[in-house]
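Heads up, the thing below is written out as structure tokens.
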4 protein chains.
Amino acid sequence: MMRADAARNRARVLAAAEVVLGEQGPAARMDEIARRAGVGVGTVYRHFATKEALYAAIISARVELLLQAAARLRTAATPKTAFFDFFTQIVADAAGRKSLTDALRGAGVDPKAEQSEQRTRMRAALTELLHDAQRVGAVRPDIDMPEVLALLRGASLAAETGDYPGPVLDRALAVLFDGVRPPTARPSGGNRLSRAAELP
Amino acid sequence: MMRADAARNRARVLAAAEVVLGEQGPAARMDEIARRAGVGVGTVYRHFATKEALYAAIISARVELLLQAAARLRTAATPKTAFFDFFTQIVADAAGRKSLTDALRGAGVDPKAEQSEQRTRMRAALTELLHDAQRVGAVRPDIDMPEVLALLRGASLAAETGDYPGPVLDRALAVLFDGVRPPTARPSGGNRLSRAAELP
Amino acid sequence: MMRADAARNRARVLAAAEVVLGEQGPAARMDEIARRAGVGVGTVYRHFATKEALYAAIISARVELLLQAAARLRTAATPKTAFFDFFTQIVADAAGRKSLTDALRGAGVDPKAEQSEQRTRMRAALTELLHDAQRVGAVRPDIDMPEVLALLRGASLAAETGDYPGPVLDRALAVLFDGVRPPTARPSGGNRLSRAAELP
Amino acid sequence: MMRADAARNRARVLAAAEVVLGEQGPAARMDEIARRAGVGVGTVYRHFATKEALYAAIISARVELLLQAAARLRTAATPKTAFFDFFTQIVADAAGRKSLTDALRGAGVDPKAEQSEQRTRMRAALTELLHDAQRVGAVRPDIDMPEVLALLRGASLAAETGDYPGPVLDRALAVLFDGVRPPTARPSGGNRLSRAAELP
DNA sequence: CATGAATGAGTTTTCATTCAT
DNA sequence: TATGAATGAAAACTCATTCAT
């Protein structure tokens, strides 16, 4: 019973921290996070030794979810779309957590042991999807992971820190993907960017 | 004559602030900035009433330079390349000032009167270059400013916050630009990404 | 149980602040007040959000005591002397807290909600005592609250900011009270001012 | 010509300081005083070595004026009224310079050499007027300088720091003076306090 | 285990005073 | 001599972290 309580508290703190960081940026206070979680500061510190550790845990949880999504895509989707779907999903995830990365970077969170292990797994997952896509000719062959990572990072940051309506993000991604595909994979005349659903 | 001294001090503070912010992020202390500039804290405050005001002045100066570059490109370069050159220049500028934007955003710098006026001018400059490029068929016609801004922001953020070797950034931009160009403007077989000069 | 500790700390801070303000005037530092109270500055700020708030709390406590004294006098003393006793007590209280008012005014303490509520109660208490005294002919009938308040303020300020030996204050008050009484209430020949106990 | 300029500047600074202190209290800044005087801070410091020295000079000028008034009254008025007139004048002067004394005391201005010399002259002037009045029976004989000084200080402070409409101050002073007069000098039935001119 | 009061180093900002021009 | 830019000590206030209850 104790264990359950502790676990619930940990989860509550994590959730509260994500919200508060999104709202207040890197300046968010531990007191406030505790208040939102409905616990005392002491409890926050019982679960996360340090503010930085708490922030790192948030990232960790996020990345874990994305990794699961990557695994799912690899089995469920065709190599032709899996890479693009994953890319899109990461960006959508970022857009849904406005300015969180910002807050985390502002807080000076460094890649620690666990994080760098996750980083490795993330890279591996992405590499697989990329190579699969290249094998079936869905992605141009002269592109490589470093570029992909840079493009992914840029897209995520723009989605997270900017305030773009969904369709704008979609079209920006479409442009990006057009650049990523081999010319032959583009429908003749190009992928006309859709403007239908644009919000006012 | 004193005015000259004051102006020099102002410039020194601005320069020191840019450096220190780049190094230490939003947490940079006013004391440190003053020390680097070789002046007392009081002098920093004489020129910039507030930490936030100092940060705003840095952005302002940066944007001003870019606006001048835009004007220069419009006369000196052909519409075919001006847009891409400007885009590239902004990203290079961002790359050269690692984590400054970060620091600025972390400091909660708001778009103030002057800033928002600059924002307007920046949009105008970019719009001109974009339309010029579309007119001569260098940029696909179904792309519009919102997407361009999102792509630009993403590229700048990636360049600024990431630690990519130059060639990686170049290739990522090349991919992006391929997506921006109309299919007809791409050499058949695509723009082969160059790998020659890659740094270790 | 912690609450008891917190309350003790609050009281300590209040007491220390009263002392330090009396000694050093409005320029007293929060650090020093904390040191005297034997707590950290943070604790001072936990209990009083602001220097001004701390000062306001001191006044509040003082006035509360005087209000209790007024209530006591109304039941315990005869209307003939109660007014004069209360007046005297206020002045004595002021004399006992040298330069505190000074410090408080210097700090720009404004009448806030609670304060102005106290102010109202204080006026009410004084008004009752005044009217009682006038009803029994102990105070001239042509005097009214505004004058009484002005006289009281003057007497308190003199007592607080000046450095008068007790007998001097007593005689000054005696003169004042002679002016407040109806001529008939003065012993023929006036109230001879006592000089017996004068200190050097 | 230089001398005249310097003297004008000194006077300007003095005047500006009096105004600014009255408005902003002890916290008034030297910069602001200089600005109001239409000179640079450096000039303020040329005339007054220290903030405290400036404040002392203000008091000094004030007292000098009052001393001249005392001398004038001694020749021009009858002993019967001269004392009361002087007392009234000091209080009126205080009322006209709201919170200046406050500012000065708050600034920790100490009695310096010059000041204490003035203090002596002030006491002497008041003593003369008091004794003259006692000789002609206008002031009760059992009152002495210490009480008078205490009463005067109280009245001045009340006038300066309070916000009493003129008639209230007048009536308060009338009460005070009734206490100061021998019973025989009060018209039978007392000096009815006038209520005629009271402002709404 | 949870709580939240206490701690105090750390930061921003102010302002009297100095001094180069 | 006047000016006002520069100085930097001082002071208010914050907040991550600890620890008694």
Legend entry - Rounded distance in Å - CZ (B:R8) to P (E:dT21): 10 Å
Inset, instruction - Identify which nucleotide among F:dT17, E:dT17, E:dA6 has an atom closest to any side-chain atom of C:A6, counting heavy atoms from C-beta outward. - result: E:dA6
Legend entry - Pairing of A:R36 and A:E23 as salt bridge, 4.0 angstrom limit: yes
Legend entry - Spacing of A:K51 atom NZ relative to F:dT14 atom C1', expressed in whole Å: 11 Å
Legend entry - Along DNA chain E (nearest heavy atom to each residue), the more 5'-positioned of A:N9 and D:A49: A:N9
Legend entry - Considering all heavy atoms, the nearest C:V20-C:A28 contact: CG1-CB, 3.6 Å
Inset, instruction - Output the residues of residues 36-43 of chain D in contact with DNA chain F, where contact means a heavy atom of the residue under 4.0 Å from an atom of the strand; sort by number or write none. - result: D:V39, D:G40, D:V41, D:G42, D:T43
Inset, instruction - Quick one: label C:A28 by what it contacts on the DNA or RNA (base, sugar-phosphate, nothing), any heavy atom closer than 4.0 Å. - result: sugar-phosphate
Inset, instruction - Sort by first number and list every stem of DNA chain F: at least 3 consecutive Watson-Crick or G-U wobble pairs, both distances under 3.5 Å. - result: E:2-21 with F:2-21
Inset, instruction - May I ask you to say what C:R46 touches in the nucleic acid, namely base, sugar-phosphate or nothing, with a heavy-atom cut-off under 4.0 Å? - result: base
Legend entry - Listed nucleotide nearest any side-chain atom of D:R29, set F:dT18, E:dC15, F:dC13: E:dC15
Inset, instruction - For D:E32 and F:dG4, give me the distance from atom CD to atom C1', rounded to whole Å. - result: 15 Å
Legend entry - Charged N-O contact under 4.0 Å between B:R62 and B:E160: yes
Legend entry - Electrostatic pair D:K51-D:E32, nearest N-O below 4.0 angstrom: no
Legend entry - Contact nearer the 5' end of DNA chain E, comparing B:T50 with C:H47: C:H47
Inset, instruction - From the options E:dA6, E:dT12, F:dA12, select the nucleotide whose nearest atom is closest to the side chain of B:M30. - result: E:dT12
